[in-house]
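Remember, it's a predicted structure, so these values are computed and weren't measured experimentally.
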Amino acid sequence: MRGLLRSLWDEPRPPRPPSRARRDLALVGVLAAVAVVEAVLRPDLPWRIPTLLLTVGLIALLPLRRTRPLAVVTVTFGLSGLATAVLGGQDTVLYTTACFLLLPYALFRWGSGREIAAGSAVMLAGAVAPVLFGAPADTLGGAAVLSSAAALGAALRYRAGAREREFERARLLERERIARDLHDTVAHHVSAMAIRAQAGLAVARTRPGAAVDALEVIEAEAARALTEMRALVRVLRRDDTDPAARVPQPRVGDLRALAGGSGPAVEVEVDDGLDDLPPEVAAAVHRLAREAVTNARRHARNATRVHVRVTADDTSVHLRVSDDGDPVTRRSTGYGLIGMAERADLLGGTCRAAPEAGRGWTVTADLPRSGAAA
């Protein structure tokens, strides 16, 4: 229990609070106007001008609720309690102050653990202040409403954190796959270097010793590099027994195998002259196309056809995967698009997904033909 409380106390602020300056300014303007109208039309409101000025001043702090949640909560509830004490417990609350329910929500959504603890104490004090000074107030009901707003903020905070962890997991898994592909590529070249060095040793023993020394160094360095890379991949792999980790490096020509399987028919077109692509580019094109086809089969409603097209020029390789499913504005693909974008970005390319103007969904990717990262 102590460890749980400690972790909550040390909880940092969520990163990147949204900046919605125009919306917040519009909200402040609307709420201020509503407060003025209410103050004018309510005949039972004592201390009309001071109450209105205080309410409008506190409303003006609402745009800071995401970046300064504790400060806004402290000022708002502190001044409200102070006003209750100064006015001798008279009920001077405007109905417009219901907008202050945004504050406990923002505190639990965007505040750190220490800020949440301090802000909760301030809100509790503000909730019981009217009772201490004799104002008619439903303390239990007010505390319940504040708690509901705070609970909503905490729930959305947890959901956003869980989603961010899923994003990070998807990125890490894709980087793991990329590491495997790069390992296979580099290992192939290093193995060839080691074989050449061994052949050089076999013929160089009849010649002066300088070449022999150089070839021995090449062989030793190649063997060491292979050992270190295999150790690195063993660390990156979650399961070395996974048969997929030992399959041959995919090629662009292997995309024709996507035409099989259930669901909409898959048509594959691949330009000639792509057999000389670097292995990492060929693997990326294959994996991006396979993921896009899988997403189309799972999520394209009433689709009858998926078209895969791979073209290339002197500098780039272009992939386009489209389907003829029902018109959509957004298609849920889990976290597949995250991994696709990550793979393309690490090779210096781009990957995009968007609905077509008429029907269906299209995934496009552009990768540098050389395979060099940007």
Report summary line: OG of Ser120 to CG of Leu146, rounded to nearest 0.5 Å, is 10.0 Å

Requested in this report: Could you tell me which non-hydrogen atom of Leu107 sits nearest to which non-hydrogen atom of Ile116, and how far apart they are?
Outcome: O-CG1, 3.5 Å

Query raised in the report: Could you go step by step and tell me if Glu164 and Arg159 meet the salt bridge (charged side-chain N to carboxylate O under 4.0 Å, His left out) rule?
Result: CA-CA 9 Å; Glu164 185 65 27; Arg159 180 183 177 185; over 6 Å; no

Requested in this report: Determine which pairs satisfy side chain to side chain donor-acceptor pair (under 3.5 Å) with at least one residue from residues 98-108, sequence neighbours left out, and list them in order.
Outcome: none

Requested in this report: I would like to know whether Asp366 and Arg352 meet salt bridge (charged side-chain N to carboxylate O under 4.0 Å, His left out); could you show each step before the answer?
Outcome: CA-CA 9 Å; Asp366 301 303; Arg352 300 172 297 276; 3.2 Å; yes

Query raised in the report: Within the side chain of Glu267, is there an N or O that forms a donor-acceptor pair under 3.5 Å with the backbone of Val308?
Result: no

Requested in this report: Give the minimum heavy-atom separation between Ala353 and Val363, together with the two atoms involved.
Outcome: CB-CG2, 4.0 Å

Query raised in the report: Taking side chain as C-beta onward, heavy atoms only, is Phe100 less than 4.5 Å from Ile59?
Result: yes

Query raised in the report: Is the side chain of Thr51 donor-acceptor paired with the backbone N or O of Arg48 at a distance under 3.5 Å, no angle test?
Result: no

Query raised in the report: Are any non-hydrogen side-chain atoms of Pro63 and Val28 less than 4.5 angstrom apart?
Result: yes

Report task. Could you tell me whether Arg68 atom CZ has more than 12 heavy atoms of other residues or ligands within 6.0 Å of it? Result -> no

Query raised in the report: Is any side-chain heavy atom of Leu27 closer than 4.5 Å to a side-chain heavy atom of Leu102?
Result: yes

Query - Closest heavy-atom pair and its distance - Gly119, Val73 - result: O-CG1, 3.9 Å

Query raised in the report: With respect to Val293, which candidate in Val321, Leu255, Val268 satisfies the side chain to side chain contact (heavy atoms under 4.5 Å, CB included) definition?
Result: Val321

Requested in this report: Would you list the pairs meeting salt bridge (charged side-chain N to carboxylate O under 4.0 Å, His left out) in which at least one residue belongs to residues 142-153, sequence neighbours left out?
Outcome: none

Query raised in the report: Is any side-chain heavy atom of Trp110 less than 4.5 Å from a side-chain heavy atom of Pro18?
Result: yes

Query raised in the report: Going by heavy atoms in the side chains, are Glu269 and Arg320 under 4.5 Å from each other?
Result: no

Query raised in the report: Run the side-chain contact (heavy atoms from CB on, under 4.5 Å) check on Leu277 and Arg369 step by step: do they pass?
Result: CA-CA 7 Å; Leu277 290 178; Arg369 185 162 185 156; 3.7 Å; yes

Query raised in the report: How far apart are the closest heavy atoms of Ala149 and Leu101, and which atoms are they?
Result: CB-O, 3.5 Å

Report summary line: Here the pair of heavy atoms bringing Pro43 nearest to Leu41 is CD-O, 3.1 Å

Query - Worked check of side-chain contact (heavy atoms from CB on, under 4.5 Å) between Thr350 and Asp345 - result: CA-CA 6 Å; Thr350 59; Asp345 182 66; over 6 Å; no

Query raised in the report: With no hydrogens and no angle check, do the side chains of His307 and Asp324 hold a donor and an acceptor under 3.5 Å apart?
Result: no

Report task. Report yes or no: is the cationic atom of Arg42 (NZ for Lys, CZ for Arg) closer than 6.0 Å to the six-membered ring centre of Tyr95, at no more than 45° off its axis? Result -> yes

**Report entry** Cluster check Met123, Leu70: I/L/V/M/F/W/Y, side chain < 4.5 angstrom
**Finding:** no

Requested in this report: Find out if a path of hydrophobic residues (ILVMFWY) with successive side-chain heavy-atom gaps under 4.5 Å connects Val30 to Val36.
Outcome: no

Report summary line: Of Thr96, Thr97, Thr55, the one forming a side-chain hydrogen bond (donor to acceptor under 3.5 Å, both in side chains) with Glu38 is Thr96

Query raised in the report: How about Asp271 and Val310: do any of their side-chain heavy atoms sit closer than 4.5 Å?
Result: no

Report task. Looking only at non-hydrogen atoms, find the nearest pair between Gly111 and Arg157 and report the distance. Result -> O-NH1, 2.5 Å

Query raised in the report: What residue among Arg65, Arg66, Arg13, Arg109 forms salt bridge (Lys or Arg N to Asp or Glu O under 4.0 Å) with Glu115?
Result: Arg13

Query raised in the report: Quick one: CG on Asn295 to CD on Glu291, what's the gap to the nearest 0.5 Å?
Result: 4.5 Å

Requested in this report: Check whether any side-chain heavy atom of Leu319 lies under 4.5 Å from a side-chain heavy atom of Thr364, and answer yes or no.
Outcome: no

Requested in this report: Side-chain contact test, heavy atoms from C-beta onward, threshold under 4.5 Å: evaluate it for Cys351 versus Met340 and give yes or no.
Outcome: yes

Requested in this report: Please lay out, stage by stage, how Leu103 and Phe77 fare under the test side-chain contact (heavy atoms from CB on, under 4.5 Å).
Outcome: CA-CA 10 Å; Leu103 301 184; Phe77 285 87; 4.3 Å; yes

Query raised in the report: For the hydrophobic clusters of this structure (ILVMFWY residues joined by side-chain heavy atoms under 4.5 Å, transitively), does one cluster hold both Leu61 and Val34?
Result: no

Report task. Using the rule that two of Ile, Leu, Val, Met, Phe, Trp, Tyr join whenever any of their side-chain heavy atoms come within less than 4.5 Å, decide whether Leu64 and Leu31 are in one cluster. Result -> yes

Requested in this report: Report the C-alpha distance between Leu62 and Cys99 in whole Å, list the side-chain angles of each, state the deciding distance to 0.1 Å, and finish with yes or no for side-chain contact (heavy atoms from CB on, under 4.5 Å).
Outcome: CA-CA 9 Å; Leu62 287 178; Cys99 66; 4.1 Å; yes

Report summary line: Output for pair (Leu288 CG, Leu347 CG), nearest 0.5 Å, gives 8.5 Å

